[in-house]
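These numbers were taken from a predicted model, which means no experiment stands behind them. Residue numbers start at 1 and run along the sequence shown.
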Amino acid sequence: MTEPVLDVHLKPEDAAHALRADVRAGLTADPKWVSPKWFYDAAGSALFEDITRLPEYYPTRAEREVLAGRASEIAATTEAHSLVELGSGSSEKTRLLLSALREHGTLQEFVPQDVSVSALTEAAHTIMADYPGLRVHGVVGDFTQHLSLLPGESPRVVAFLGGTIGNLIPEEREKFLRTVRDVLDPGEWLLLGTDLVKDPKTLVRAYDDAQGVTAAFNRNVLNVLNREVGGDFDVDAFEHVALWNAEQEWIEMRLRAKRDMRVTLAELGLTVEFHEGEELRTEVSAKFREEGVRQELEDGGFSLHRWWTDTESRFAVSLAQAV
């Protein structure tokens with residue numbers, strides 16, 4: 001088996017610099033925040049995999065249902081030579097698309113993008129073993145920074161799955177969609193996964209499970225800060241909070257201080273005060289409606305071509321074409 005091609009646009013020192021800049025900006029803001037991109041160290045990634053198997057966490061199962069039922073239609077519609085996956089991780093759901101495109105006879109190349117060299121290399125080798133003859137061209141980069149450097153033979157379909165676009169606030173989503181559009185030629189495709197607005201109880205349960213796995217995942221970001229920027233957070237002194245913001249139509253995850261405390265981040269030369277009850281926002285997860293997704297796609301230079309949901313209308317996968 002030949003080795004996958006790997007373009008590295010994000011080096012460890014780049015990630016360290018970005019982390020420091022984010023942490024300084026977020027912890028000196030009012031209210032305080034931390035970017036959700038820092039959840040995913042090895043422990044955080046493992047915890048998230050556990051979350052996707054929880055009974056309360058429907059998005060992964062719902063999206064997989066849609067892709068399993070529509071992959072052949074996606075392949076026939078796009079006739080893509082290249083499948084580009086942003087934030088690929090283990091690329092499990094993408095196998096449904098790879099298999100459908102291969103069966104359709106058009107697939108020539110898979111371009112997975114992720115921030116982790118090790119995760120991307122492992123996933124690339126696995127895909128190459130399971131799909132003999134498929135070219136794999138991995139890209140180590142941040143989808144908020146390095147989209148313009150994505151390779152791939154036209155026609156391409158760019159997959160951005162898992163509802164990850166919901167972690168971006170509206171201004172960030174607009175910039176993201178316009179950047180993807182600038183990368184693509186007219187007629188190429190974007191496959192987008194979006195979680196849908198539904199009753200708040202179902203939404204909150206998905207982010208505050210009975211077993212406390214999501215709580216552990218949320219608090220783990222403090223372990224990341226302790227390790228990477230010399231923090232001395234008492235992780236157990238923060239409780240997990242998940243709430244529905246009806247005005248913004250998104251879930252917010254926060255960490256609430258159980259007591260007054262002073263936290264030092266040695267590598268930043270920064271000391272931060274927390275008051276009892278003060279909350280640190282760690283994630284927003286926007287939920288969508290079809291008309292809103294259509295409008296955001298149009299504003300970004302795409303035309304919505306297909307809209308599919310699971311049988312319970314909990315999650316949508318949309319196929320849009322660059323115009």
Mark yes or no for whether H137, through its side chain, and V111, through its backbone, hold a donor-acceptor pair below 3.5 Å.
no

Would you call L225 and V34 a side-chain contact if the rule is heavy atoms closer than 4.5 Å?
yes

If the threshold is 4.0 Å, N to carboxylate O, is there a salt bridge linking R178 and D299?
no

Chi angles and distances behind the side chain to side chain contact (heavy atoms under 4.5 Å, CB included) call for V157, E188
CA-CA 6 Å; V157 56; E188 293 190 309; over 6 Å; no

What I want to check is whether the side chains of Y57 and T214 have a donor and an acceptor closer together than 3.5 Å.
no

Cluster question for you: counting only ILVMFWY and a side-chain heavy-atom cut-off of under 4.5 Å, with indirect links fine, are L27 and V235 together?
yes

Side chain E252, main chain V284, donor-acceptor under 3.5 Å:
no

Answer whether the closest heavy-atom distance between the side chains of P155 and T78 falls below 4.5 Å.
no

Treating R173 as the side-chain partner and L168 as the backbone partner, does any N or O pair qualify as donor plus acceptor under 3.5 Å?
yes

Could you tell me whether a side-chain N or O of K11 sits under 3.5 Å from a main-chain N or O of H9, the two making a donor and an acceptor?
no

Side-chain donor-acceptor contact under 3.5 Å, T164 with N167
no

Quick one: salt bridge (Lys or Arg N to Asp or Glu O under 4.0 Å) pairs with a partner in residues 261-281, sequence neighbours left out?
R20-E267, K32-E278, R254-E279, R256-E279, R262-E273

Taking all heavy atoms of P59 and all of D195, pick out the closest pair and write down the distance.
CG-OD2, 4.0 Å

Considering only heavy atoms from C-beta outward, does the side chain of L297 approach that of V293 to under 4.5 Å?
yes

So CG of L265 and CG of D232: to nearest 0.5 Å the spacing works out to 7.0 Å

Would you give the length of the straight line joining atom OG1 of T77 to atom NE2 of H104, rounded to the nearest 0.5 angstrom?
8.5 Å

Ring centroid separation Y58 to F315 under 6.0 Å:
no

Could you walk me through whether D182 and T179 satisfy the side chain to side chain donor-acceptor pair (under 3.5 Å) test, starting with their C-alpha distance in whole Å, then the side-chain angles of each, then the deciding distance to 0.1 Å, before giving a yes or no?
CA-CA 5 Å; D182 288 344; T179 304; 5.5 Å; no

Are a donor atom and an acceptor atom from the side chains of N223 and N226 found within less than 3.5 Å of each other?
no

What I want to find out is whether R95 reaches D130 closely enough, with some N-O distance under 4.0 Å, to be called a salt bridge.
yes

Which atoms form the tightest heavy-atom contact between Y131 and S99, and what is the distance?
OH-OG, 2.8 Å

Pairing of E73 and R70 as salt bridge, 4.0 angstrom limit
yes

Output for pair (L177 CG, F160 CZ), nearest 0.5 Å, gives 9.0 Å

Parallel, tilted or perpendicular: which fits the ring planes of H305 and W189, with parallel below 30° and perpendicular above 60°?
perpendicular

Report yes or no: do S82 and Q108 form a side-chain donor-acceptor pair below 3.5 Å?
no

Nearest heavy-atom approach of A320 to F302 is CB-CB, 3.9 Å

Which label fits F238 and F274: parallel for a plane angle under 30°, tilted from 30 to 60°, or perpendicular past 60°?
perpendicular

Taking the side chain as C-beta and beyond, is there a heavy-atom pair between L191 and V158 under 4.5 Å?
no

Within-4.5 Å side-chain heavy-atom neighbours: S303 and E298
no

To the nearest 0.5 Å, how far apart are OG in S35 and CG in D22?
5.0 Å

Go through L196 and R289 one step at a time and tell me if the side chain to side chain contact (heavy atoms under 4.5 Å, CB included) criterion holds.
CA-CA 6 Å; L196 301 179; R289 303 175 188 271; over 6 Å; no

Is a donor from one side chain sitting under 3.5 angstrom from an acceptor on the other, for T106 and E79?
no

Give the cluster check for L161 versus F39: same hydrophobic cluster or not, with ILVMFWY residues linked at side-chain heavy-atom distances below 4.5 Å.
no

Got a salt bridge between E239 and R219, using NZ or NE/NH1/NH2 to carboxylate O under 4.0 Å?
no

Assess the residue pair D234 and R259 against the criterion (salt bridge (Lys or Arg N to Asp or Glu O under 4.0 Å)); give the C-alpha distance rounded to whole Å, side-chain angles, the decisive distance to 0.1 Å, and a yes or no.
CA-CA 11 Å; D234 179 354; R259 56 175 172 82; 2.9 Å; yes

Answer with yes or no whether the hydrophobic clustering places M253 together with V23; edges join I, L, V, M, F, W, Y residues whose side-chain heavy atoms lie under 4.5 Å apart.
yes

Can a donor-acceptor pair be found between the side chains of E249 and N245 at a distance below 3.5 Å?
no

To the nearest 0.5 Å, atom CD of E63 lies from atom CG of L96 at 10.0 Å

Just by distance, no angles: are the side chains of T311 and E65 close enough, under 3.5 Å, to form a donor-acceptor pair?
yes

Would E153 and R135 count as a salt bridge (Lys or Arg N to Asp or Glu O under 4.0 Å) here? Give the steps.
CA-CA 11 Å; E153 180 180 325; R135 296 198 308 272; 3.4 Å; yes

Can you name the closest pair of heavy atoms from V84 and P151 and give their distance?
CG2-O, 4.1 Å

In one Ile/Leu/Val/Met/Phe/Trp/Tyr side-chain cluster, 4.5 Å: V5, V140
no

Separation of L19 CG from L268 CG (nearest 0.5 Å):
8.0 Å

How far apart are the closest heavy atoms of R61 and P55, and which atoms are they?
NH2-O, 2.9 Å

Salt bridge check, K37 against D142: does any charged N sit closer than 4.0 Å to a carboxylate O?
yes

I'd like to know if D208 pairs up with R205 as an ion pair, taking the criterion as any Lys NZ or Arg NE/NH1/NH2 lying under 4.0 Å from an Asp or Glu carboxylate oxygen.
no

Test item: H240 side-chain N/O and Y207 main-chain N/O as donor-acceptor pair under 3.5 Å
yes

Tell me whether E122 at atom CD has more than 12 heavy atoms from other residues, nucleotides or ligands lying less than 6.0 Å away.
no

Using a strict 4.0 Å threshold on nitrogen-to-oxygen distance, state whether D310 and R64 make a salt bridge.
no

Can you tell if the side chain of V8 reaches within under 4.5 Å of the side chain of V139, non-hydrogen atoms only?
no

Check whether any side-chain heavy atom of W307 sits under 4.5 Å from a side-chain heavy atom of T194, and report yes or no.
yes

Hydrophobic clusters here meaning ILVMFWY residues chained together by side-chain heavy-atom distances under 4.5 Å, can you tell me if M261 and W33 are in one?
no

Would L83 and L101 count as a side chain to side chain contact (heavy atoms under 4.5 Å, CB included) if you check the C-alpha gap in whole Å, the side-chain angles of each, and the deciding distance to 0.1 Å?
CA-CA 9 Å; L83 174 64; L101 285 164; 4.2 Å; yes

Identify the two heavy atoms, one from G300 and one from R181, that lie closest to each other, and give their separation to 0.1 Å.
O-CB, 3.2 Å

Quick check: are there more than 12 heavy atoms from other residues, nucleotides or ligands sitting under 6.0 Å from NZ of K258?
yes

Would you check if W250 and I169 make a side-chain contact, meaning some heavy-atom pair closer than 4.5 Å?
yes

Go through the steps for E109 and V136 under the test side chain to side chain contact (heavy atoms under 4.5 Å, CB included), then give the verdict.
CA-CA 6 Å; E109 186 175 29; V136 177; over 6 Å; no

